[in-house]
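For reference, the structure discussed in these notes is given below.
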Amino acid sequence: MPKALNALVVAIAATASLAAPAAAQQAQCDRSDLQQVVDKYIAAQTNGEPLRIPFGDFTQYTEQGELGSMSLGILSTPVKIDFHRSLLDLATCTTFTEVVVADPAHPYVVAAKLQYAGKFSPIAAERVNDIEFVVTDKDDRQFDAARTLQHARAEKWDAIPAADRADRPALIAVANAYLDAIGGTGGAIPWAANCARLDGGVHTVAAAGGAGCGTGLPTGVKTADRRFVVDEAIGAVAVLMQVGEEKVPGAQLFRIEKGQIRYVHAMTVCRQGKCGFPG
């Protein structure tokens, strides 16, 4: 399809999404279904061709917390993806993908959430009904794609043995404990002894001397409208949210082992120098 026609079709689809919400029926999916959604998203993002994703009749596209057009957003920007990691949420048929683009010409770190409509019958077509992006680059909080790539690539997010897996409510509770603590309304954060925290490009690890991942942790950071994507198989939770009084878009990604935070990644958009953090 010619690029101009591609953009026109995608823009029409995005405009239609404003008029009707995604279907509210209960979808069914398995890990293979969701992995295919991720694979198609990665292909679409790499080539800057949104139509590589199988859209539903009314696909809602949100970027930086606002409804928009795919033809004008990050999904229509071809990039060389240096690293990506995904969560597959079987309870909600949702995927979350952390994408790192270290290209010096324009680096990005992106959080991508895709809602798979599922299969309502054996012959139903696969489709994605909702897409949401948080996109960070050079003007955003502590941004450094090269350092993010270095540290994220070195982490191990292997499958957790079935007998040791926490259920969905338990994983969400740990993520909420962290967010409540940095907001000033929670108690102690359940850090693992070997934890590592990646806030933008700033990397903090548990030190032998006893200092933990909470060193330098911001406080007074209120978060709202938390949306969770949970992958019990790898003990992971992603949270998309509004940050601070300015309600800037943000995303947090957690790896939780035996009820404790092993890894946490944060990405926060800044608007006119405001990043939702006090000071």
Side-chain angles (χ1 to χ4, degrees), residues 22 24-42 60 62 65 83-99 109-119 126 128-134 152 155-183 186 189-192 195-198 213 223-243 249-268:
Q25 295 171 273
Q26 182 63 45
Q28 295 182 346
C29 58
D30 57 30
R31 293 190 71 85
S32 175
D33 295 327
L34 297 184
Q35 187 59 55
Q36 288 183 47
V37 170
V38 170
D39 294 343
K40 289 173 182 177
Y41 159 63
I42 293 299
Q60 181 167 289
T62 306
F83 176 82
H84 62 90
R85 173 180 285 118
S86 293
L87 280 59
L88 310 179
D89 188 331
L90 298 181
T92 63
C93 292
T94 305
T95 69
F96 173 93
T97 304
E98 176 187 42
V99 170
V109 179
V110 178
K113 175 176 171 285
L114 281 75
Q115 178 71 53
Y116 173 66
K119 298 175 180 176
E126 297 178 354
V128 171
N129 275 349
D130 292 288
I131 300 175
E132 182 175 358
F133 285 101
V134 174
E155 296 173 354
K156 293 187 178 298
W157 293 57
D158 300 336
I160 291 176
D164 296 330
R165 292 178 188 173
D167 62 17
R168 182 185 188 87
L171 293 171
I172 291 175
V174 174
N176 276 330
Y178 175 96
L179 295 172
D180 291 343
I182 67 172
I189 296 174
W191 295 113
C195 63
R197 177 167 60 89
L198 187 57
C213 289
T223 58
D225 191 23
R226 300 174 188 174
R227 287 97 65 206
F228 299 93
V229 180
V230 181
D231 190 330
E232 297 175 18
I234 60 171
V237 183
V239 192
L240 281 74
M241 69 199 86
Q242 296 174 344
V243 181
Q252 300 266 1
L253 176 60
F254 300 87
R255 159 80 172 197
I256 298 163
E257 300 174 359
K258 298 181 179 179
Q260 298 178 317
I261 298 173
R262 175 70 174 92
Y263 301 117
V264 56
H265 298 181
M267 60 187 78
T268 310

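Remark: Trp191 engages Tyr178 in a ring pair (Phe, Tyr, Trp, His ring centres under 6.0 Å) (not counting sequence neighbours). Residues that satisfy the side chain to side chain contact (heavy atoms under 4.5 Å, CB included) test with Ala111, not counting sequence neighbours, are Phe96, Val134, Ala251, Met267. With sequence neighbours left out, the salt bridge (Lys or Arg N to Asp or Glu O under 4.0 Å) criterion links Asp39 to no other residue.
Side-chain contact between Ile160 and Arg255 is present, with heavy atoms from C-beta onward closer than 4.5 Å. For the pair Val174 and Phe254, the minimum side-chain heavy-atom distance is 4.5 Å or more. Residues Gln115 and Cys93 have side chains in contact (heavy-atom distance under 4.5 Å, counting atoms from C-beta outward). No side-chain heavy atom of Glu232 sits under 4.5 Å from any side-chain heavy atom of Leu90. Counting heavy atoms from C-beta outward, Tyr116 and Leu34 have side chains that approach closer than 4.5 Å.
Nearest heavy-atom pair, Pro249 versus Gly65, reported as atom, atom and distance to 0.1 Å: CG-N, 4.0 Å. Scanning both residues, Cys213 and Arg197, for their nearest heavy atoms gives O-NE, 2.8 Å. Nearest heavy atoms, Val37 versus Val128: CG1-CG2, 4.1 Å. The heavy-atom pair separating Thr94 from Val229 by the smallest distance is CG2-CG2, 3.8 Å. For the pair Cys195 and Ile261, the tightest heavy-atom approach, listed with the atom from each and the gap, is CB-O, 3.4 Å. Counting all heavy atoms, side chain and backbone alike, Leu171 lies closest to Asp231 at CD1-O, 4.4 Å.
How far CZ of Arg85 is from CG of Leu253: 7.0 Å, rounded to the nearest 0.5 Å. Note that the CZ atom of Arg262 and the CD atom of Glu155 stand 7.5 Å from one another [nearest 0.5 Å]. The distance from atom OG of Ser86 to atom CD1 of Ile234, rounded to the nearest 0.5 Å, is 8.5 Å. To the nearest 0.5 angstrom, Lys156 atom NZ is 11.5 Å from Glu257 atom CD. Here NZ of Lys113 is found 12.0 Å from OG1 of Thr97. Values are rounded to the nearest 0.5 Å. Note: Gln260 CD to Ile189 CD1 = 12.5 Å, rounded to the nearest 0.5 Å.
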Thr92 vs Phe228, test: side chain to side chain contact (heavy atoms under 4.5 Å, CB included). Steps then yes/no. CA-CA 10 Å; Thr92 63; Phe228 299 93; over 6 Å; no
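Ring-plane geometry between His265 and Trp157 is classed as perpendicular, the angle between the planes exceeding 60 degrees on a 0 to 90 degree scale with a lower cut at 30.
No option in Val230, Leu179, Asp225 other than Leu179 meets the side-chain contact (heavy atoms from CB on, under 4.5 Å) test with Val239.
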